[in-house]
Amino acid sequence: MSEYRIEHDTMGEVRVPAERYWGAQTERSRNNFKIGTHKMPPEIIKAFAILKKAAALTNRDLGNLDEERAALIARVCDEVLAGQLPEEFPLVIFQTGSGTQSNMNMNEVIAGRGNEIAGTKVLHPNDHVNRSQSSNDTFPTAMHIAARVAVEDRLLPAIALLAKEFARLEEENAALVKTGRTHLQDATPLTLGQEISAWRAMLEHDQQQIAATLAALSELALGGTAVGTGLNAPAGFDTGVAERISELTGRSFVTAPNKFHSLTSKDALVYSHGAIKALACDLFKIANDVRLLASGPRCGIGEINIPENEPGSSIMPGKVNPTQCEAVTMVAAQVMGHDVTIGVCASQGHYQLNVFMPVLIYDFLESVNLLADAMDSFREHCVSGITPNKEKIAENLGKSLMLVTSLSPHIGYENAARIAKKAHAEGTTLKEAALALGLVTDAEFDAWVDPAKMV
């Protein structure tokens, strides 16, 4: 049976598991919000540790906190950043919409662990760890730190690696002419390299667009305290703490020029996730193209081969499916759903504070992590093994009626259409139909209808 100790807050006494560092407010949240299994993301816990350390050191520099307490807070934050106390952060996403309870969870753990190190109670979670702060400015700050770090460290590198793999395939297949398709119907030719170049370019554009959103995520609400006025924060705290966070993360963060905006608006996260959604849309399209081009192996398009990674059916022997493509498209669908949630959450900034922040940042970070994982898996287990089926490509190209397009400048659109319709109706080749109609000579047809010259 677990042992307990008695902790108190302004509402009274609370029994807390004896082995835990957290205090009364964390325990109240644990008991009052038994909703789902979604825990506060580790990226937010680490971001809180960064900002709490930065706040303590800035308060010390401003003469607002003594050296001993600042050093204790910084030491515990370093332990959190090193992943030493993961069991101390048990709270779920569906709690107070300001994230107050997670802010207090961090404050209480730092105070509890710091007091253990000191051997006496020198740290109070509110008076010292939370000094010059409010949950209303710390949680938005943690959101921006976590979002920017995740995008830079996880998402952008994964995009770059996948784009590089497509660039390799593009170069290898630069001269392989195949039929194009529009409206799911045969169209004029292009090379397989040109087709793949669109996938590569999509990713590069997504990468640029996502990177362009990082500037807005670099603005920090810290220093605005409760409603944006900066009440109880000393002069210079906001700029000083932004500089400290920049030092600790190795990235350039700045204090938000308008704290009223940064507390109530989540537009920077909406903007960034919008670009992330664009990536999801492009990945959905790319994965669909890959699985359609690989369809078959005998009764589909079959113009490319993809790796066969696992059996595809419990009843059909020998069946293999485009499973990596399916995983990518499911992730993309999830991200699009997250974008709806994030948009709804961001629209609900009532007066001086948005109170949908935990679920907003949870979905944002899950989008980043899912997409990064999916792109790495897609690249490793599918894209890297794509090869052209040259025989099938040649067969499909030879059957395409849209090669007739190259005759239009010579015999006119309507005459070219007559050739295509006749060939299709009678099951003959374009050349046979053209010669039967007497619209071109044998030599003219061979000179004008050359797929390699049409790309």
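Excluded from the calculations below are hydrogen atoms, water molecules and symmetry mates; all remaining heavy atoms, backbone and side chain alike, are included.
A salt bridge links R379 to D376: at least one charged side-chain nitrogen sits closer than 4.0 Å to a carboxylate oxygen. Contact check on R418 versus E414 returns no salt bridge, with no Lys/Arg side-chain nitrogen under 4.0 Å from an Asp/Glu carboxylate oxygen. Residues D238 and K259 are paired through a salt bridge, judged by an N-O separation under 4.0 Å between the basic side chain and the carboxylate. We find that E247 and R244 are joined by a salt bridge, their nearest charged nitrogen and carboxylate oxygen being less than 4.0 Å apart. Salt-bridge annotation for R181 and E303: present, with a side-chain N of the basic residue lying under 4.0 Å from a carboxylate O of the acidic one. Between K422 and E432 there is no salt bridge, since no side-chain nitrogen of the basic residue lies less than 4.0 Å from a carboxylate oxygen of the acidic one.
Under the 4.5 Å side-chain criterion, counting only non-hydrogen atoms from C-beta, K46 is not in contact with I145. Taking the side chain as every heavy atom from C-beta outward, F139 and P358 approach each other to under 4.5 Å. The shortest side-chain heavy-atom distance between L91 and M40 does not fall under the 4.5 Å cut-off. Inter-residue side-chain proximity for L430 and F445 is flagged as met; some heavy-atom pair is nearer than 4.5 Å. Within the 4.5 Å cutoff, the side chain of M336 has heavy atoms near those of the C281 side chain. Side-chain atoms of S262 and L220, non-hydrogen and from C-beta on, never get closer than 4.5 Å to each other. Residues D373 and R154 form a side-chain contact, since some pair of their non-hydrogen atoms from C-beta on lies under 4.5 Å apart. In this structure, N105 and P90 have side chains that are in contact, with non-hydrogen atoms separated by less than 4.5 Å.
Taking the six-membered ring where the residue is Trp, H410 and W448 present parallel rings, their angle staying beneath 30° rather than reaching 60°.
Between the side chain of S102 and the backbone N or O of G99, no donor-acceptor pair lies under 3.5 Å. Between the side chain of N389 and the backbone N or O of G302 there is at least one donor-acceptor pair closer than 3.5 Å. Not one N or O on the side chain of S98 forms a donor-acceptor pair closer than 3.5 Å with the backbone of V355. For S384 (side chain) and E380 (main-chain N/O), a donor-acceptor pair under 3.5 Å exists by modelled atom type. Between the side chain of T213 and the main chain of I210, a donor-acceptor pair closer than 3.5 Å is present. No donor-acceptor distance shorter than 3.5 angstrom exists from the side chain of T58 to the backbone of F237, with no hydrogens or angles considered. Panel note: side chain S272, backbone L269; no donor-acceptor pair is recorded below 3.5 Å. With hydrogens and angles ignored, the 3.5 Å screen pairs no side-chain donor or acceptor of D186 with any backbone N or O of M402. In this structure, the side chain of D137 engages the main chain of T225 through a donor-acceptor pair within 3.5 Å. Here the side chain of S29 pairs no donor or acceptor atom with the backbone of T26 at under 3.5 angstrom.
The OG atom of S134 sits 8.0 Å away from the CG atom of L353 when rounded to the nearest 0.5 Å. Rounded to the nearest 0.5 angstrom, K266 NZ and H273 NE2 are separated by 16.0 Å. Note that CD of Q95 and CZ of F33 are 7.0 Å apart. Values are rounded to the nearest 0.5 Å. Considering CD1 of I45 and CE of M106, their distance stands at 5.0 Å, rounded to 0.5 Å. Within the model, atoms CG of L156 and CG of L214 stand 6.5 Å from one another, a figure rounded to the nearest 0.5 Å. With rounding to the nearest 0.5 Å, the separation of OG1 in T141 from CZ in F253 is 9.5 Å.
The two residues T329 and A287 come nearest to each other via the heavy atoms CG2-CB, 3.8 Å. The two residues A416 and I411 have their closest heavy-atom pair at N-CD1, 3.9 Å. Considering every non-hydrogen atom in both L397 and P451, the closest pair reads CD2-CB, 3.9 Å. Nearest heavy-atom pair, G114 versus V76, reported as atom, atom and distance to 0.1 Å: N-CG2, 3.6 Å. Smallest separation of non-hydrogen atoms from A434 and V440: CB-CG2, 3.6 Å. The two atoms that bring L263 and A221 nearest to each other are CD1-CB, 3.8 Å, heavy atoms only.
In this structure, a donor-acceptor pair under 3.5 Å is present between the side chains of N103 and K52. For Q25 and N107, the side-chain atoms include no donor-acceptor pair closer than 3.5 Å. Using a 3.5 Å distance cut-off with no hydrogens or angles, the side chains of Q133 and T138 do not pair a donor with an acceptor. Side-chain N/O atoms of E310 and T323 include a donor and acceptor closer than 3.5 Å.
Across N415, L439, I419, a single residue satisfies side-chain contact (heavy atoms from CB on, under 4.5 Å) together with L407, and that is I419. Checked options R251, R148, H144; the residue passing with S218 is R148 (criterion: side-chain hydrogen bond (donor to acceptor under 3.5 Å, both in side chains)). The residue from V331, L203, I159 that alone fulfils the side-chain contact (heavy atoms from CB on, under 4.5 Å) condition with L283 is L203.
Heavy atoms from other residues, nucleotides or ligands lying under 6.0 Å from NZ of K392 number more than 12. Annotation for R60: atom CZ counts as buried by contact number, over 12 foreign heavy atoms lying within 6.0 Å. Annotation: I35, atom CD1; neighbour count of heavy atoms from other residues, nucleotides and ligands within 6.0 Å is above 12. Remark: Q208 CD is packed, more than 12 non-hydrogen atoms of other residues, nucleotides or ligands lying under 6.0 Å away.
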Discussion item. Side chain to side chain contact (heavy atoms under 4.5 Å, CB included), that's the test. Do T191 and K178 meet it? Break it down for me.
Written reply: CA-CA 6 Å; T191 70; K178 65 182 293 292; over 6 Å; no
Discussion item. Run I93 and I361 through side chain to side chain contact (heavy atoms under 4.5 Å, CB included) and show every step you take.
Written reply: CA-CA 9 Å; I93 289 299; I361 192 59; 5.7 Å; no
Fill in: Stepwise side chain to side chain contact (heavy atoms under 4.5 Å, CB included) test for V290 and V328
CA-CA 11 Å; V290 169; V328 169; over 6 Å; no
Worksheet item: Under the side chain to side chain contact (heavy atoms under 4.5 Å, CB included) criterion, do E170 and F166 qualify, and how do the steps go?
Response: CA-CA 6 Å; E170 175 187 348; F166 279 130; over 6 Å; no
